[in-house]
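Read through the structure below, which is laid out as structure tokens, and then see the notes.
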Amino acid sequence: MHSVNVSGESSKSGAAPGEIASLARKVAGLPRVKLRGLMAIPEPSSDERLQAQPFRSVARPARRV
């Protein structure tokens, strides 16, 4: 599992959503290591639509790898 910094917050680590494919290729080249999932924690918000958008930014590229 690897974290994705979906909100671009400096207080959080992880790959940017645009780096998911590159990350997956690098992990695929490692022996005995398999990328099993991505973790994303968006910036806090009471607006559900604002909460959902960051997850979509991870889901789209994750389906391609």
Side-chain angles (χ1 to χ4, degrees):
M1 175 124 5
H2 198 284
S3 63
V4 179
N5 188 345
V6 292
S7 301
E9 295 173 80
S10 62
S11 62
K12 294 180 181 165
S13 62
E19 299 173 327
I20 293 172
S22 174
L23 171 68
R25 283 191 297 275
K26 288 177 183 175
V27 171
L30 298 172
R32 298 171 36 178
V33 177
K34 184 175 182 179
L35 182 62
R36 308 274 286 175
L38 299 168
M39 176 185 74
I41 302 174
E43 202 169 4
S45 173
S46 59
D47 185 332
E48 289 183 24
R49 289 178 294 174
L50 291 177
Q51 286 286 323
Q53 177 55 40
F55 290 112
R56 285 192 291 273
S57 74
V58 172
R60 285 184 197 116
R63 282 189 215 112
R64 294 184 201 124
V65 294

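Count residues from 1 along the sequence. Just so you know, these numbers come straight off a predicted model, no measurement behind them.
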Applying side-chain hydrogen bond (donor to acceptor under 3.5 Å, both in side chains), can you list everything that pairs with [X], at least two apart in sequence or on another chain?
X	answer
E19	none
R49	none
Q51	none

Shortest non-hydrogen contact from [X] toward [Y]:
X	Y	value
S3	S13	OG-O, 3.7 Å
S57	I20	O-CD1, 4.5 Å
P42	F55	CD-CZ, 3.4 Å

| note | Output for pair (N5 CG, S10 OG), nearest 0.5 Å, gives 8.5 Å
| note | Output for pair (I41 CD1, K12 NZ), nearest 0.5 Å, gives 6.0 Å
| query | Shared ILVMFWY cluster between V33 and L23, side chains joined below 4.5 angstrom? | reply | yes
| request: Please check if V4 and M1 belong to a single hydrophobic cluster, counting links between Ile, Leu, Val, Met, Phe, Trp and Tyr side chain heavy atoms closer than 4.5 Å. | output: no
| request: Taking S45 for its side chain and D47 for its backbone only, find out whether a donor-acceptor pair lies under 3.5 Å. | output: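 Yes, S45 side chain to D47 backbone: donor-acceptor pair under 3.5 Å.
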